[in-house]
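Encoded as structure tokens, the structure appears first; notes follow it.
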Amino acid sequence: MPYPISRIMQRSFALEQQGVIHVWDVDKTYLDTHFSSLEGMATIPIEFAVDKRAFPGMPELLRALRWGGEQSYACVPIIFVTASPPQLRKVLARKMLLDGVEWDGIVFKNWLAVLASGYWRRLREQLAFKLCALLSCRLLWPLRDEFLYGDDTESDPEAFALYTRIIHHELSAAQTEVLLRERGVSRPDRRNVHALVQRLPIERGRVRQAFIHLAGHSPLSRFSDSEVLPVRHAAELALALWEREQVRADGCLRALNASLGAFSPVARRRALDEATDRGLISPARAAVLEQDELFAAH
């Protein structure tokens, strides 16, 4: 049986269409959801939209991504992936409406189907879910390049790294099987991953970058040899996306200000210097950003 996910799409994608798509995790990346504990999981389905809190700067950054890196509105596709149940759709949609965040699709973990399947461990297991969710979505836009956004509290770093290597033709089926076994993925879910990989076309887009929001405060050294790029907050993510020409200067600075909680030029300068030192943004792109009137504004 396929992995029990529920995919809700509000936008269709032509298979031959190229371009960029942004795929965001919801919990601990966009929203500060207490998902790691059983108590937190129990409260997720009964929360109201106003109960959910976005990480500072993330709504502003999502709005900037939707606009794109050019002056004219690009309506860049944004897809969300969450291990929450599909019964939470209205609550999430309402929260995004309150934040002014536009979206094109949401992939949920189908909790009722998980319980019906008898594989209850899937309620807490995240690696196979994230891989199956990403691979099933990739079938909808095989030629698009992706930016991935997750966090360090669950299996996103491992899932993103493995998914990237699969998409980039860097792993054989046998190598993928070994890596899935090493990470404790069950036999039925390994079969699900392989089945989805076999359906992928040979010609496909790339993963341009996978970002990991350090909501769990992992040390930066954990990712020194990884394909993923860690960011500590929305300000660093905004600067990294400005470097990659995915947001405009004004959108980047609005996200930076909201993330820092201060509209001080000193705070902006410190964040920019730290991001430059870490290689998130090049000195040349940083210099362009500094010339924007919003950068020096109080």
Side-chain angles (χ1 to χ4, degrees), residues 20 22-33 49-76 78 80 92 94-103 147-152 209-217 220 229-298:
V20 169
H22 299 278
V23 182
W24 277 69
D25 184 36
V26 173
D27 311 298
K28 293 297 183 181
T29 304
Y30 163 39
L31 299 180
D32 188 5
T33 307
V50 294
D51 296 325
K52 296 189 174 295
R53 295 289 181 266
F55 283 101
M58 291 303 184
E60 289 80 4
L61 184 52
L62 281 160
R63 295 197 294 268
L65 282 172
R66 185 65 159 182
W67 189 281
E70 305 296 333
Q71 291 301 314
S72 59
Y73 180 66
C75 195
V76 177
I78 297 176
F80 288 97
L92 285 179
R94 175 62 177 167
K95 172 57 179 173
M96 294 173 188
L97 180 63
L98 293 173
D99 286 344
V101 172
E102 299 177 7
W103 56 280
F147 284 88
L148 307 177
Y149 306 82
D151 66 86
D152 63 334
Q209 185 65 65
F211 295 100
I212 293 296
H213 176 223
L214 299 182
H217 306 292
L220 293 172
L229 184 62
V231 292
R232 292 174 290 190
H233 40 65
E236 289 189 343
L237 182 54
L239 292 170
L241 289 168
W242 160 253
E243 168 69 23
R244 289 156 179 81
E245 300 183 351
Q246 296 304 303
V247 296
R248 301 189 310 174
D250 57 349
C252 172
L253 290 171
R254 288 190 181 95
L256 189 147
N257 286 333
S259 174
L260 298 176
F263 293 84
S264 165
V266 175
R268 285 193 288 271
R269 163 57 59 188
R270 184 183 303 114
L272 186 59
D273 289 344
E274 291 177 355
T276 305
D277 291 340
R278 286 190 52 211
L280 298 177
I281 183 173
S282 65
R285 291 288 285 177
V288 173
L289 199 62
E290 290 176 298
Q291 296 173 8
D292 193 284
E293 60 183 15
L294 287 177
F295 187 84
H298 290 272

(message) Going by the rule side-chain hydrogen bond (donor to acceptor under 3.5 Å, both in side chains), which residues pair with Asp99 if we only count those two or more places apart in sequence or in a different chain?
(response) Tyr30, Lys95

(request) Can you see which heavy atom on Leu280 is nearest to which on Arg244, and at what distance? (result) O-NH1, 3.6 Å

(message) Is there a side-chain contact between Leu241 and Phe211 in this structure, where contact means two heavy atoms from C-beta onward sitting under 4.5 Å apart?
(response) yes

(request) Give a yes or no on whether the backbone of Thr33 and the side-chain of Asp27 come within a donor-acceptor separation of less than 3.5 Å. (result) no

(message) Run the side chain to side chain contact (heavy atoms under 4.5 Å, CB included) test against Ala210 and tell me which residues pass, sequence neighbours left out.
(response) Leu148, Phe160, Val228

(message) Within this structure, what is the CG-CZ distance for the pair Leu272 and Phe295, rounded to the nearest 0.5 Å?
(response) 4.5 Å

(message) Going by the rule side chain to side chain contact (heavy atoms under 4.5 Å, CB included), which residues pair with Ala64 if we only count those two or more places apart in sequence or in a different chain?
(response) Val247

(message) I need the minimum non-hydrogen distance between Cys252 and Leu239, along with the two atoms involved.
(response) SG-CD2, 3.9 Å

(request) Taking salt bridge (Lys or Arg N to Asp or Glu O under 4.0 Å) as the test, write out the residues that go with Asp151, two or more places apart. (result) none

(request) Check ring-ring contact (aromatic ring centres under 6.0 Å, His included) between Phe55 and all other residues, then give those that pass, not counting sequence neighbours. (result) His213

(request) Measure from the side-chain N and O atoms of Ser259 to the backbone N and O of Ala235, and report whether any donor-acceptor pair falls under 3.5 Å. (result) yes

(request) Sequence neighbours left out, what passes side-chain hydrogen bond (donor to acceptor under 3.5 Å, both in side chains) with Asp273? Give chain and number order. (result) Arg269

(request) Look up atom CG in Leu237 and atom CG in Leu256, then write down how far apart they are to the nearest 0.5 Å. (result) 11.0 Å

(message) Check whether Arg285 reaches the backbone of Trp242 with its side chain - one donor and one acceptor, N or O, closer than 3.5 Å.
(response) yes

(message) Please check this pair: side chain of Arg254 against backbone of Glu60, looking for a donor-acceptor N/O pair closer than 3.5 Å.
(response) no

(message) If you define the side chain from C-beta out and look only at heavy atoms, does anything of Leu62 sit under 4.5 Å from His22?
(response) no

(request) Determine the minimum heavy-atom distance between Gly150 and Thr29, stating which atoms define it. (result) C-OG1, 3.1 Å

(message) According to side-chain hydrogen bond (donor to acceptor under 3.5 Å, both in side chains), who are the partners of Glu243, at least two apart in sequence or on a separate chain?
(response) Ser282

(message) Using every non-hydrogen atom in the two residues, find where Ala267 and Leu260 come nearest and quote the distance to one decimal.
(response) O-CD1, 3.6 Å

(request) Compare every heavy atom of Val76 with every heavy atom of Leu65, then report the nearest pair and how far apart it is. (result) O-CB, 3.4 Å

(request) List for me each residue that meets side-chain hydrogen bond (donor to acceptor under 3.5 Å, both in side chains) alongside Glu70, sequence neighbours excluded, and say none if there are none. (result) none

(message) Just to verify, what does Arg232 make a side chain to side chain contact (heavy atoms under 4.5 Å, CB included) with, not counting sequence neighbours?
(response) Leu214, Glu236, Glu274, Arg278

(message) Set out, in order, the CA-CA distance, both residues' side-chain angles and the distance that settles side-chain contact (heavy atoms from CB on, under 4.5 Å) for Leu31 and Phe80, then state yes or no.
(response) CA-CA 11 Å; Leu31 299 180; Phe80 288 97; over 6 Å; no

(request) Could you pull out all residues at least two apart from Arg66 that satisfy side chain to side chain contact (heavy atoms under 4.5 Å, CB included)? (result) Arg11, Tyr73, Cys75, Ile78, Glu102, Asp104

(message) Test of understanding: with ring-ring contact (aromatic ring centres under 6.0 Å, His included), list the residues that count as partners of His233, not counting sequence neighbours.
(response) none

(message) Testing the basics here: between Gly68 and Ala74, what is the closest heavy-atom pair and its distance to 0.1 Å?
(response) CA-CB, 4.4 Å

